[in-house]
Amino acid sequence: MTYAYLGPEGTFTQTALRRLLSAVPPGREPAHRPFPSVPAALEAARRGECEAAVVPLENSVRGVVPATMDQLASAEMHINAEVEVPVSFALMAPEGVAAEEVTVVHSHPHALGQCEDWLRTRLPGARTRTAASTAAAAREVAEAGAPGHAAIAAALRPPACTGCGSSPPAWAGRRGP
């Protein structure tokens, strides 16, 4: 069995997939393959390229994920399982970039929405740029190495905020807050 999921590696969707498969005995885990978008992951399952797809359905702060709902409404697919994934974000930039130097923040639209109050308060002049996922945003920023660019992506270790409602994202690439 092969599972499709919204990639690239490092997305919250991959975390959800790992949680769903946590009861599978070691060595018997099914294969999984990242796809660049929700429609692409679901299409792989529809075509039989993968037996199932794991995609984001809902966000507690921003509501349903339109790309998923649109695809499910127009296809003969159904939901087999649901898993909750705690979300923590970090603001990440290339080594040596100070928070006050950030002028462009990349991330998935839901993450940007969840962190909009923090961004408005801490980086009021920064523009935002959307990406297919938080992991894709982190990869784009890391590969481009553009001055002043940062990404909001999955926090890999504390400290970090949950939902960015009142706590700031951790600052990666620098020691300290």
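Just so you know, these numbers come straight off a predicted model, no measurement behind them.
- Taking a 6.0 Å sphere around CZ of Arg47, one finds it holds more than 12 heavy atoms contributed by other residues, nucleotides or ligands.
- The hydrophobic clustering, which links ILVMFWY residues whose side-chain heavy atoms are closer than 4.5 Å, places Val141 and Val102 apart.
- At least one side-chain heavy atom of Met77 sits less than 4.5 Å from a side-chain heavy atom of Leu42.
- Checked against the 6.0 Å centroid criterion, the rings of Phe12 and Phe89 qualify as a close aromatic pair.
- The backbone N or O of Gly10 sits less than 3.5 Å from a side-chain atom of Gln14, completing a donor-acceptor pair.
- When atom types are taken as modelled, the side chain of Glu143 and the backbone of Glu140 share no donor-acceptor pair closer than 3.5 angstrom.
- At least one donor-acceptor pair under 3.5 Å links the side chain of Thr68 to the backbone N or O of Pro56.
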(message) Test side chain to side chain contact (heavy atoms under 4.5 Å, CB included) on Arg129 and His149; report intermediate values, then the result.
(response) CA-CA 10 Å; Arg129 194 169 289 169; His149 287 242; 3.6 Å; yes
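- Side-chain N or O atoms of Glu101 include none that pairs as donor or acceptor with a backbone N or O of Gly148 at under 3.5 Å.
- Counting heavy atoms of neighbouring residues, nucleotides and ligands inside a 6.0 Å radius, atom CE of Met69 does not exceed 12 of them.
- A salt bridge is absent between Arg19 and Glu84: the closest approach of a Lys/Arg side-chain nitrogen to an acidic carboxylate oxygen does not fall below 4.0 angstrom.
- A donor-acceptor contact shorter than 3.5 Å links the side chain of Thr121 to the backbone of Asp117.
- Considering NE2 of His32 and OG1 of Thr2, their distance stands at 10.0 Å, rounded to 0.5 Å.
- Atoms CD and CD1, from Glu116 and Ile152 in turn, are 10.5 Å apart once rounded to the nearest 0.5 Å.
- For the atom pair NE2 (His106) and CG (Leu91), the distance works out to 11.0 Å, reported to the nearest 0.5 Å.
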(message) Using the rule given for side chain to side chain contact (heavy atoms under 4.5 Å, CB included), can you reason through Thr11 versus Tyr5, listing the C-alpha separation, both sets of side-chain angles and the distance that settles it, and then say yes or no?
(response) CA-CA 9 Å; Thr11 60; Tyr5 71 94; 4.1 Å; yes
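- Proximity of Thr13 to Ser133: side-chain heavy atoms (C-beta onward) are nowhere separated by under 4.5 Å.
- A heavy-atom distance below 4.5 Å is not found between the side chains of Val83 and Leu17.
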